[in-house]
Amino acid sequence: MPPPLRLIALIDLFSQEEKVTSTAIQLAEKHAAKLHFVTLFDHIGNLTADHDFTRTPKEQFRYLEAKLLELLIHQTNQLGAKEAVYTVLSGPPSQELSQLASKWGADLILANNSIARTIYNDWMPHAYTATPLPCKLHIVADEEKNPWRFFTRLLRESNLKKFLTPNVHKI
């Protein structure tokens, strides 16, 4: 299987998780892949506190979109992103992502659990049909936040197996 040539990394700007960003950067460097960082407009955190009532709703929307893009570039550059494309998706997440991935020719999409749920559930799950993605969506999970993955890694890396394996004796 050839390595991914085009990676999309969905970034939640208001989460403390940096695993998706760092994994995307590592994969891009390892496989000389092109990298596209994407965030969702529905993840705006406390940016709405910066509301200027002299702006029209359209101007306020564009202002928030520009702020999200600025945050996306800043956070990914802090973690070592060198060359990348940056996008803020502002429509129904699964439809927008599917269109972007198709247009850009993505080979792999990386996301954390909460962003993946947003993509699959959309903003209003009862109003939309699930939109298939043109490539694989890979969930990047932080092992320490997932006890089962953390425990199984410990088992692989240690001698705990001998203590957990029941002693069965033939009679």
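Only heavy atoms go into these numbers, but all of them, side chains included; no hydrogens, no water, no symmetry mates. A quick note: this is a predicted structure, and the numbers were derived from the prediction, not measured.
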Original post:
Would L108 and H138 satisfy side chain to side chain contact (heavy atoms under 4.5 Å, CB included), going step by step from the backbone distance to the final call?
Top reply: CA-CA 7 Å; L108 181 66; H138 178 74; 3.9 Å; yes
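- Here the shortest heavy-atom pairing between I25 and G80 reads CD1-C, 3.9 Å.
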**OP:** Just do the side chain to side chain contact (heavy atoms under 4.5 Å, CB included) check on L110 and L27 with the steps written out, would you?
**Re:** CA-CA 10 Å; L110 303 169; L27 278 173; 4.0 Å; yes
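- Atom CG of N77 sits about 9.0 Å away from atom CG of L72, to the nearest 0.5 Å.
- Residues that satisfy the side-chain contact (heavy atoms from CB on, under 4.5 Å) test with E59, not counting sequence neighbours, are R55, T56.
- Smallest separation of non-hydrogen atoms from V38 and I8: CG2-CG2, 3.8 Å.
- Between I115 atom CD1 and I11 atom CD1 the span is 8.5 Å, to the nearest 0.5 Å.
- At a threshold of 4.5 Å between non-hydrogen side-chain atoms, the residues V20 and L10 do not count as touching.
- E18 contributes atom CD, which lies 12.0 Å from atom CG of D12 (distance to the nearest 0.5 angstrom).
- The structure places CD1 of I73 at 11.5 Å from OG1 of T39, a figure rounded to the nearest 0.5 Å.
- In terms of heavy-atom proximity, L89 sits nearest to P93 at CD1-O, 4.4 Å.
- S102 places a side-chain N or O within 3.5 Å of a backbone atom of S98 that can act as its donor or acceptor partner.
- Residues S94 and L133 approach most closely at O-CD2, 4.2 Å, considering heavy atoms.
- Atoms NZ and NE2, from K67 and H74 in turn, are 11.5 Å apart once rounded to the nearest 0.5 Å.
- Within 6.0 Å of atom CD in Q78, more than 12 heavy atoms from other residues, nucleotides or ligands are found, so the atom counts as buried in its surroundings.
- Residue pairs meeting the ring pair (Phe, Tyr, Trp, His ring centres under 6.0 Å) criterion with at least one partner in residues 80-107, sequence neighbours excluded, are H36-W104, F37-Y86.
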**OP:** Test side chain to side chain contact (heavy atoms under 4.5 Å, CB included) on Q75 and L13 and set out the steps.
**Re:** CA-CA 8 Å; Q75 282 189 15; L13 295 173; 3.7 Å; yes
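- Taking both residues in full, the closest heavy atoms of L137 and A116 are given as CD2-CB, 4.2 Å, listed atom of the first, atom of the second, then distance.
- A distance of 11.0 Å separates CG of L97 from CD of Q95, quoted to the nearest 0.5 Å.
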Original post:
Please walk me through it: do I139 and N113 pass side chain to side chain contact (heavy atoms under 4.5 Å, CB included)?
Top reply: CA-CA 6 Å; I139 308 299; N113 283 323; 2.9 Å; yes
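- Contact detail for L35 and A24: the closest heavy-atom pair is CD1-CB, 3.7 Å.
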